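I have placed the structure first, in the form of C-alpha cells, so that the comments after it can refer back to it.
Predicted model only: the values in this text are computed from it and were never measured. Letters go in sequence order (proteins before strands), and every chain restarts at 1.
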Amino acid sequence: MADANYTSTEIMTIEAARRLKNGTVCFVGIGMPSAAANLARLTHAPEVVLIYESGTIGAKPRVLPLSIGDGELAEYADTVVSVPEIFRYWLQGGRVDVGFLGAAQVDRFGNINTTVVGNDYAKPKVRLPGAGGAPEIASNAKETWIIIKQSKRTFVPKLDFLTSVGHLDGGDSRARSGARGAGPTAVITDLGVLAPDPVSRELTLVAIHPGITVEQAVASTGWDLKVAATLARTAPPTASELETLRDLHARTAKAHGTLAME
Amino acid sequence: MADANYTSTEIMTIEAARRLKNGTVCFVGIGMPSAAANLARLTHAPEVVLIYESGTIGAKPRVLPLSIGDGELAEYADTVVSVPEIFRYWLQGGRVDVGFLGAAQVDRFGNINTTVVGNDYAKPKVRLPGAGGAPEIASNAKETWIIIKQSKRTFVPKLDFLTSVGHLDGGDSRARSGARGAGPTAVITDLGVLAPDPVSRELTLVAIHPGITVEQAVASTGWDLKVAATLARTAPPTASELETLRDLHARTAKAHGTLAME
Amino acid sequence: MTSKIMPLAEAVGRFVKDGHTIAMEGFTHLIPFAAGHEVIRQARRELTLVRMTPDIIYDQLIGMGCAKSLVFSWGGNPGVGSIHRFRDAIENGWPRPLAIQEHSHADMAGRYQAGASGLPFSVLRGYVGSDLPKHNPNIRSITCPFTGERLAATPAINPDVTVIHAQKADREGNVLIIGIVGVQKEAVLAAKAAIVTVEEIVDRLEAPMNSCVLPHWVLAAVCEVPYGAHPSYAHGYYGRDNAFCKAWDPISRDRDTFLAWMKEHVLGTKDHAGFLKSAGITPIGRDAIHG
Amino acid sequence: MTSKIMPLAEAVGRFVKDGHTIAMEGFTHLIPFAAGHEVIRQARRELTLVRMTPDIIYDQLIGMGCAKSLVFSWGGNPGVGSIHRFRDAIENGWPRPLAIQEHSHADMAGRYQAGASGLPFSVLRGYVGSDLPKHNPNIRSITCPFTGERLAATPAINPDVTVIHAQKADREGNVLIIGIVGVQKEAVLAAKAAIVTVEEIVDRLEAPMNSCVLPHWVLAAVCEVPYGAHPSYAHGYYGRDNAFCKAWDPISRDRDTFLAWMKEHVLGTKDHAGFLKSAGITPIGRDAIHG
C-alpha cells in the first residue's frame with residue numbers, strides 16, 4: 001500500500017461503489033459487494049435499488065449486514081418477498097441490472113469457483129461453501145461485476161470447479177451457451193480493475209489503483225495478464241468517500257459486536 | 001314441491017351442507033356450492049375450511065359472496081394468498097379434500113360442461129362462461145361434489161363439451177387418465193342425491209328428497225337413470241337448518257342490495 | 001429519474017398501441033375500469049385482450065370493437081350472468097369476429113407466472129379429460145424427465161402492456177395492493193410495460209413488511225384515479241356496486257342500447273370523473289365502509 | 001379436532017424417524033435450532049438432510065453422525081467462515097461419509113416450489129456453463145414445447161418432515177411468519193409432515209391480511225419454544241447472537257472440543273431451556289430490540 005491514508009480494501013470498495021449508477025437495480029452478494037453497494041447508496045447513488053437473495057427488495061440497511069438475511073435488510077426494505085419469488089420473478093424475470101458477486105477463484109474469462117479447491121470434487125482439498133445464488137445471478141443479470149482480492153491463489157489459470165459462468169471459453173462462447181446478459185463487465189480488485197476484451201473476452205487490466213504498479217498486478221495473476229494500451233489510474237478516495245465508508249464500518253462493528261438486533 | 005314449508009333449492013342446499021364434515025378442507029365454487037358450504041359452517045361444521053379461488057383461505061363470510069372475490073371473503077379469512085398460489089400450492093399441491101362445483105350440464109359419469117351449448121365450439125348456440133377453476137378442481141381435489149338442478153336440459157346423455165373431468169367414460173377410465181382423487185362422489189340436486197356405481201362409475205340415484213318420487217327423478221334425467229336398490233329418503237330440513245339458511249340469505253340480500261361493502 | 005406519475009390519458013396514449021397484447025387484471029377486486037374506458041376513448045383497435053375473468057370492462061372493450069382476440073378462462077358478470085357483448089361477438093361476430101384462446105384459471109395463473117419468471121412455458125397438472133386442449137393448440141404436453149409423467153404445458157404470457165388498479169402509491173410511484181391480490185403482481189412483472197391506476201397518492205406507503213408491493217422501477221406509469229375500479233371494489237375504500245352490475249345486464253343485451261350508453265357516458269366524457277358524473281354514479285366513500 | 005400443540009420432544013419423537021428426509025429451513029432468519037438439537041438428543045440416524053443454507057445447526061447434526069447425506073446449495077457460517085464439521089465429513093468422512101447433492105439457491109427454491117405444487121419437477125434458467133450438473137445426476141434438462149429452448153429441470157423436493165421456526169401461533173395452531181420468510185412456506189407445504197416451533201402461543205394471531213400464515217391443518221405439530229431460533233434471530237423478538245456464531249468457529253474446528261461441547265450442552269440437557277442455561281446464553285429480550 002503506497003498511501004497510508006487508506007487500505008487496499010477501502011480503495012477496492014470505493015472504486016466498486018463509484019461504478020454503481022443511481023437507479024441501477026443491483027443484486028447484491030454478501031461481504032464486499034454489499035459494502036460497495038451500500039457505500040454507493042450512501043454517497044452518489046441514493047436511489048440505487050439493492051436486492052438481496054433473502055428476498056429484501058430496496059434494502060437500505062443502516063449498518064452492513066453480517067448475513068444475507070439480517071433483520072436490518074428487511075426492516076428498511078421497500079418490500080420483503082419469499083426466496084423462491086426473488087429468484088423467479090426478480091432475478092430470472094430479468095429485472096436485475098447488475099449482479100454483484102464475490103468469488104474464491106476467477107479465471108481469465110471471469111468464470112467463478114466457489115465450490116471446491118482441488119480437482120477431485122468428491123474428495124476436495126478444501127470444501128468451499130458452494131454455489132448459493134451465484135450460478136443464476138451470473139447467467140440472468142444484465143451484467144455482472146466481481147469484487148475479489150487479486151493474487152495467484154485467486155486469479156488462477158484454470159478453475160478447480162466452474163461454479164458460475166463468466167465469459168466461459170471466451171469469444172462468443174457465453175452467448176452460444178444460452179446465458180443471458182453481458183456477463184462480467186468489471187472485475188474490481190485491491191490492485192485495479194479488469195474488463196473483458198471486446199472480442200476475445202479475456203479479462204484485461206484497464207485501471208490500477210493509486211500506488212499500484214502494473215508489475216504488481218501481473219505478479220498477482222496466475223495467467224499472463226493482458227494490460228490495456230491506455231491504462232487508467234483510479235482516483236484516490238475522497239475524504240467524503242473514506243469518511244462515509246469508515247462511518248459505515250464503525251456503525252457495523254458496533255452493532256454486530258453486541259447481541260442487539262443487527 | 002310437496003311440502004310448502006321449504007323450497008327445492010333449500011332442501012338441495014341443506015342436504016349438500018349436511019355432507020360437509022367439520023374440519024374438511026373445501027374448495028368452494030360460487031353460487032350454490034358457496035351457500036351450502038357456509039350453511040355447513042354456520043350449523044354442524046364450524047371448523048370446515050373454506051377456500052375460494054380468489055385466494056381466500058379459511059373464509060368465514062358473514063353474508064354470502066356475490067362473486068368469488070368479494071371483500072367479505074378476504075376480511076374474515078385466515079389468510080389471503082395470490083391466485084397463482086391458491087391453484088399451485090393449495091389445490092394442485094393436494095391440500096383440498098372436497099372440490100365443490102356447480103355445472104351447466106353433467107353426463108351420466110359426472111363429467112361437467114360449463115363452456116358451450118351446441119356442438120360447434122367455434123359457433124356455439126350459447127356461449128357459457130367457460131372453465132374457470134373447475135378443470136383442475138375436478139382433477140386435483142381428493143373428491144368432488146356437484147350441486148345442480150336436475151332436468152333433461154342439465155342431465156344430458158352427451159355433453160356438448162367436456163370442460164371438467166368426472167368419471168370420464170366410467171369404469172377405471174378416470175384413474176387411467178392421470179386425474180387424481182376419487183372424482184365426483186356425490187351429485188346433489190333439487191330432487192335427490194346421485195352417487196357413482198362402485199364399478200361402472202355411472203351416477204346412480206341413491207337418495208330422494210321428501211315429496212319427490214323416483215319417477216320425477218327419472219323424468220328429469222336425459223339418460224336412463226339407474227336407481228339404487230335401497231333408496232334413501234333425505235330427512236326434511238330441521239327448523240334450525242331452515243332458519244340459519246334463511247337468515248343467511250336475508251343478511252345477504254340486505255348487504256348486496258345496497259352499495260355497501262358486501 | 002423522471003416521474004412515473006402522470007394522467008391516465010397520457011399513460012394510455014404513450015403505452016397502449018393498436019395491435020398490442022393487453023392484460024387488464026384484477027380478480028373481481030380492483031378491476032381497472034377507468035383505464036379500460038380510456039382505452040375505449042382513445043379508440044385502440046386490433047388488441048389481443050388477456051384476462052382470467054373478462055367481465056363488464058372487457059364486455060365494453062369487445063362491444064366497442066377494440067379487440068380482435070381474447071385470451072381468458074372465465075367470462076361472465078359475477079353474480080349476475082352472461083356478458084352479452086362477449087357472447088354476441090363469439091356467437092354472431094358482432095361488431096367483429098373475436099378469436100378466442102381459452103384456458104382454465106390454474107393455467108392462466110401459471111402462464112402469467114411463467115411470464116413473470118422469464119420462462120418460456122408453464123407446467124401444470126391440468127386439463128385431464130377436458131376438451132379444451134382440442135380447441136387450443138397452445139395447450140400441449142410435456143414429459144417429466146424424472147418420473148415419465150405427462151403434464152400440460154402452455155406458453156408464458158408476456159403482455160405488451162399490463163394494466164391494474166391498486167389502493168395507493170407513494171410519490172415515487174411505489175404501489176401497495178391489499179386484500180385479494182389476484183394475479184396482478186405476476187401480470188405486471190410479465191409485461192413489457194405496466195400502468196397502475198390508484199385510488200390515491202400518499203406521502204408514505206405504510207406497507208406491512210410482507211405485503212404486495214410493486215416498486216416504481218417495474219412500472220411505466222402510475223395514475224391517480226379515485227374510484228378507478230368502480231363498479232368493482234377497492235378494499236378499504238369502497239364496496240362493489242352490485243346495483244350497477246345488475247343494471248349492466250339490460251344495457252348490454254341490446255346492441256343499440258349498449259352503443260348509446262357507451263357514447264353518452266364513456267366516449268362523451270373526457271375522464272373518469274366525467275364518466276362517474278355522467279353515469280350518475282356516487283360510489284360509497286371510504287368513511288361509510290369498513291375494511 | 002385433536003390439538004397440534006405439543007412439546008417439541010413429543011413432536012420429534014412422533015414424526016422424525018431414522019432414515020427420513022428432513023428439511024429444516026429458515027434463511028438466516030428463524031432457523032429451527034431448538035428442533036435440530038432435539039433431533040440430536042433423540043439420536044436420529046441415517047437422515048437425508050435438506051437445507052438451502054446448512055450452517056451451524058446442520059454442522060452439529062452432521063458432526064453428531066445423524067446424517068447420511070446432505071442436499072444443499074450453500075454451506076457456511078454466515079459472516080464467520082466455514083462450517084468445520086461439514087467440511088470434515090466431506091473432506092475426511094468423519095464421523096461418517098456424507099453423500100452430497102449440490103444445487104444452486106434458485107434451483108433449491110424451485111425444487112421446494114415444485115414439491116409444494118404437486119409437480120414432479122421444477123424448471124429453471126440455471127446452471128448455464130456450470131460444472132454442477134456434471135456432479136449431480138438430478139440436474140437434467142428439458143425442452144420447451146413452444147420455443148425449443150433447453151432449460152434445466154430438477155426433481156421436486158418432498159421431505160418426510162419439514163421443520164421451521166416462526167414468531168407465533170394461535171391456540172388452534174395457525175402460524176404467522178413475519179420478515180424474511182425464506183422458503184419456509186414452500187418447505188412446509190412440500191412435506192408429508194411439518195413441525196413448527198414458535199416463540200409464543202397467543203390468543204389472537206393478528207396477522208396482516210396478506211402476510212405469511214400457515215393454517216393449522218397443514219401442520220403436524222406446533223411447539224412453543226422461546227428463543228428456539230437462537231443463535232439466529234426472530235424478527236420482532238431477538239437479534240442474532242453474532243458472538244455465539246463467532247464462538248462456534250473454534251469449538252467446531254476440533255473434533256474432541258466439538259463432541260465435548262455437544263455432550264455437555266445438548267445431550268446433557270433435556271430441552272431448549274436447559275440448553276440455553278447450560279451454554280450460558282441469555283438472548284436479548286424483545287424489549288431490548290426494535291422489530
Practice problem: Examine whether an atom of Ser117(D) lies under 4.5 Å from a heavy atom of chain C, and if so say whether it belongs to the side chain, the backbone or both; otherwise answer neither. | Solution: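 Ser117(D) has no heavy atom closer than 4.5 Å to chain C.
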
task: Just jot down the salt bridge (Lys or Arg N to Asp or Glu O under 4.0 Å) partners of Arg150(C), sequence neighbours excluded, or say none.
output: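 Listed in chain order: nothing, the list is empty.
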
Note to self: If the condition is salt bridge (Lys or Arg N to Asp or Glu O under 4.0 Å), which residues does Glu46(C) pass it with, not counting sequence neighbours?
What the structure shows: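 Result, salt bridge (Lys or Arg N to Asp or Glu O under 4.0 Å) vs Glu46(C): Arg96(C).
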
Which of residues 158-167 of chain C have a heavy atom under 4.5 Å from any heavy atom of chain D?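 Residues qualifying by a heavy atom under 4.5 Å from chain D are absent, so none.
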
Original post:
Taking only heavy atoms into account, what residues of residues 122-133 of chain C are found under 4.5 Å from chain D?
Top reply: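 Result: Val123(C), Leu124(C), Arg125(C).
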
Exercise. Which residue out of Ser141(D), Pro208(D), Pro155(D), Ala114(D) racks up the most heavy-atom pairs below 4.5 Å with chain C?
Worked result: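 Most pairs with chain C among the choices: Pro155(D).
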
Using a cut-off of under 4.5 Å for heavy-atom pairs, which of Ser211(D), Pro145(D), Ala153(D) has the most such pairs with chain C?
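Highest number of pairs under 4.5 Å: Pro145(D).
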
Review point. Taking every heavy-atom pair that is under 4.5 Å apart, which of Val181(C), Thr154(C), Thr147(C), Ile177(C) has the most such pairs with chain D?
Key: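 Result: the option with the highest number of such pairs is Thr154(C).
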
Sort out for me which of Ala156(C), Gly118(C), Pro120(C) touches chain D most, counting heavy-atom pairs under 4.5 Å.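 Among Ala156(C), Gly118(C), Pro120(C), the one with the most close pairs to chain D is Pro120(C).
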
- Can you measure from SG (Cys144(D)) to CD1 (Ile142(C)) and round to the nearest 0.5 angstrom?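 Result: 7.0 Å between the selected atoms.
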
For this session: To the nearest 0.5 angstrom, please state how far the CD1 atom of Ile180(D) sits from the CE atom of Met209(C).
Result: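 Answer for the CD1-CE pair, Ile180(D) versus Met209(C), is 8.5 Å.
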
* Which heavy-atom pair separates Phe121(D) from Leu151(C) by the least distance, and what is that distance? ->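 Of all heavy-atom pairs spanning Phe121(D) and Leu151(C), the closest is CE2-CD1, 3.7 Å.
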
**Prompt:** Is there a donor-acceptor contact under 3.5 Å from the side chain of Asn210(D) to the main chain of Gly179(C)?
**Reply:**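 Side chain of Asn210(D) to backbone of Gly179(C): a pair is present.
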
